[in-house]
There are 2 protein chains.
Amino acid sequence: MDDTRPARGLRALARQRMREEILAIARRHLGEQGASGLSLRAVARDVGMVSSAVYRYFDSRDALLTALILDAYNALGASVEAAEAEVDRGDLRGRFEGLARAARGWALADPHSYALVYGSPVPGYVAPHDTVGPATRATRVLADILLDLTATHRASGAPRPRRLRPEVVRAVAPVTEYIGGRVPPDLAVRAVMVWTSLFGLVSFELFGQLHNVIAEDLRGEFFDEAVSRLADSLGLPPSTRDRRR
Amino acid sequence: MDDTRPARGLRALARQRMREEILAIARRHLGEQGASGLSLRAVARDVGMVSSAVYRYFDSRDALLTALILDAYNALGASVEAAEAEVDRGDLRGRFEGLARAARGWALADPHSYALVYGSPVPGYVAPHDTVGPATRATRVLADILLDLTATHRASGAPRPRRLRPEVVRAVAPVTEYIGGRVPPDLAVRAVMVWTSLFGLVSFELFGQLHNVIAEDLRGEFFDEAVSRLADSLGLPPSTRDRRR
DNA sequence: CCCTATGGTGAGCACTGCTCTTGCAATCCT
DNA sequence: AGGATTGCAAGAGCAGTGCTCACCATAGGG
């Protein structure tokens with residue numbers, strides 16, 4: 001049932017087309033009513049099938065949701081990649097800002113998909129985690145920025161690294177390994193904090209936690225300010241486009 | 001149906017007892033299967049009623065959930081308040097650390113309740129926001145710490161304030177007003193970022209987003225490190241208990 | 001002290017996810 | 001080319017859900 005890839009043969013091709021159509025309808029429903037309101041039967045109706053037929057393509061409602069989660073990760077990843085790719089390679093801060101703004105923009109445009117991946121796990125804790133591939137597309141972008149940062153180690157305005165307890169160094173070991181290169185543990189800690197801060201902010205905004213906290217019509221302004229400070233905390237040099245002084 | 005407070009008369013008292021009993025069972029179910037699996041019928045069965053009788057006490061399943069959300073806010077608030085109250089008033093950093101650790105501790109102990117309030121809104125975006133009272137108990141604690149900070153303005157190790165665009169100042173106006181006193185906008189911005197960072201981190205940990213990022217057995221260590229850095233970013237002076245040098 | 005508001009009952013509607021049997025048709029193999 | 005095999009769709013059905021409603025008993029308060 002985990003037919004994702006090749007599609008050889010006429011039959012297999014038709015099967016994949018059907019799968020795609022179901023997913024398309026499901027995507028639409030998700031965008032309209034959210035994950036909790038996504039009904040396999042309703043999707044089946046809209047696609048013109050009887051509900052039991054859908055089970056030929058997805059093992060369960062949760063399987064359908066998992067496919068949508070993968071979808072969402074890819075959409076976010078693509079959006080972030082595209083935005084970051086538009087920026088001059090040398091402009092590390094600009095690349096970071098592009099990444100951040102793209103993430104928020106995508107989340108605002110498709111809040112239900114965002115909730116699907118960064119909200120509370122809907123089914124019951126089981127789902128994702130074999131979705132590692134697409135899940136890391138966005139994080140990869142940040143990792144590459146950090147790689148470029150350490151390569152051209154202009155320690156200009158970089159905050160001085162803190163002394164780290166060895167347990168903390170071990171704690172962030174997966175990150176340092178993932179980023180590659182020889183990124184110092186202190187930067188890895190900063191990176192994780194920036195990442196959680198970024199998505200924490202977006203989540204707060206989307207999930208209504210910023211009510212009576214940040215004026216609603218100025219959320220974008222505040223976000224930009226926050227992103228700028230996060231860039232500072234990473235030690236990203238001032239943007240090359242408009243370097244002051 | 002919004003019978004929360006007084007309870008005068010025998011009947012009204014019995015009513016509130018029943019309400020409490022239903023809530024208690026619901027709370028148990030929530031802790032076991034999570035919000036999406038909370039069934040009004042199942043709760044009714046466990047409490048020894050027929051399902052329709054529950055509707056005498058709660059307008060709908062969502063109303064029950066809303067009551068549980070209120071519950072959760074209060075539990076988190078109480079936990080945070082208690083932890084922070086144990087710390088010497090002058091030890092601003094210690095108070096902040098106590099608050100942060102209590103929040104994470106409560107979340108880990110009752111993840112479903114945490115997801116209820118800080119995860120994606122389950123019903124369909126409608127619920128809370130009249131629950132402002134209990135919702136702010138935890139934030140009030142931070143606000144008071146910041147008030148004490150600005151009162152005893154020892155600008156010792158405090159990061160130098162940034163120049164703020166006027167839109168940003170307006171954006172955080174609700175925060176500055178909520179905190180009270182005359183807290184500078186720059187500190188308000190920092191406070192919001194610290195808050196989102198804190199809960200972003202907890203959310204990431206609880207929702208599985210830290211998989212392959214922070215070693216699972218060292219999450220606590222990493223959290224402490226992060227909290228320490230967040231305290232720095234607020235300009236909280238080193239703890240009075242173990243001041244170095 | 002009686003009467004009425006209150007709260008419990010059970011049937012029922014429309015919906016959900018999921019399973020299983022049945023039949024048809026396209027595909028593959030000899 | 002023909003027959004066996006496989007894939008897909010339909011439909012009925014089960015267990016469960018949220019929620020409504022007509023129906024009563026009873027106990028509390030006027």
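A, B, ... follow the sequence lines: proteins, then strands. Residue 1 opens every chain. Treat the numbers as computed from the prediction; the structure is a model and nothing was measured.
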> Across the strands shown, which category fits A/Ser60 at heavy-atom distances under 4.0 angstrom: base, sugar-phosphate, nothing?
Replying inline: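 Contact class for A/Ser60: sugar-phosphate only.
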> What is the nucleic acid contact for A/Leu64, judged by heavy atoms within less than 4.0 Å: base, sugar-phosphate only, or nothing?
Replying inline: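 Result for A/Leu64 = nothing.
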What's the [atom1]-[atom2] distance between [X] and [N], to the nearest Å?
| X | N | atom1 | atom2 | result |
| --- | --- | --- | --- | --- |
| B/Arg45 | C/dT9 | CZ | P | 14 Å |
| A/Asp62 | C/dG17 | CG | P | 10 Å |
| B/His29 | D/dT17 | NE2 | C1' | 15 Å |
| B/Arg61 | C/dC15 | CZ | C1' | 14 Å |
| B/Leu40 | D/dG16 | CG | P | 16 Å |
| A/Asp59 | C/dC18 | CG | P | 10 Å |
| A/Tyr55 | C/dT16 | OH | P | 11 Å |

>> Once salt bridge (charged side-chain N to carboxylate O under 4.0 Å, His left out) is applied, do any residues pair with A/Asp110, and if so which ones, sequence neighbours excluded?
In response: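 None.
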Provide a list of protein-nucleic acid N or O atom pairs under 3.5 angstrom, restricted to nucleotides 7-9 of chain D.
from, atom 1, to, atom 2, distance (Å)
D/dG7, O4', A/Arg11, NH2, 3.4
D/dC8, OP1, A/Arg15, NH1, 3.1
D/dC8, OP2, A/Arg15, NH1, 3.0
D/dA9, OP1, A/Tyr57, OH, 3.3
D/dA9, OP2, A/Tyr57, OH, 2.7
D/dA9, N7, A/Arg56, NE, 3.4
D/dA9, N6, A/Arg56, NH2, 2.8

>> With a 4.0 Å cut-off on N to O distance, would you call A/Arg17 and A/Glu21 a salt bridge?
In response: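 Salt bridge absent between A/Arg17 and A/Glu21.
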> Do B/Tyr57 and B/Leu23 have side-chain heavy atoms sitting under 4.5 Å apart?
Replying inline: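 Side-chain contact under 4.5 Å: no.
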Distance-only polar pair, side chains of [X] and [Y], donor-acceptor under 3.5 Å:
| X | Y | answer |
| --- | --- | --- |
| B/Ser60 | B/Tyr55 | no |
| A/Tyr114 | A/Ser203 | yes |
| A/Tyr178 | A/Thr139 | yes |

> Does any donor-acceptor pair link the side chain of B/Arg41 with the base of D/dG18 at a separation under 3.5 Å?
Replying inline: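 A donor-acceptor contact between them is present.
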> Ignoring hydrogens and angles, does a donor from either the side chain of A/Ser51 or the base of C/dG17 sit under 3.5 Å from an acceptor on the other?
Replying inline: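 No, no donor-acceptor pair under 3.5 Å.
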>> Using heavy-atom distances to pick each residue's nearest nucleotide on DNA chain D, tell me which of A/Ser52 and B/Leu38 is more 5'.
In response: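 Nearest nucleotide further toward 5': that of A/Ser52.
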> Taking B/Arg140 for the side chain and B/Ile179 for the main chain, is one N or O donor matched with an acceptor at less than 3.5 Å?
Replying inline: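 Between the backbone of B/Ile179 and the side chain of B/Arg140 there is a qualifying donor-acceptor contact (under 3.5 Å).
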> If only side-chain N and O atoms of A/Ser39 are considered, is one of them under 4.0 Å from the OP1 or OP2 phosphate oxygen of C/dT16?
Replying inline: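 Yes, A/Ser39 has a side-chain N/O under 4.0 Å of OP1/OP2 on C/dT16.
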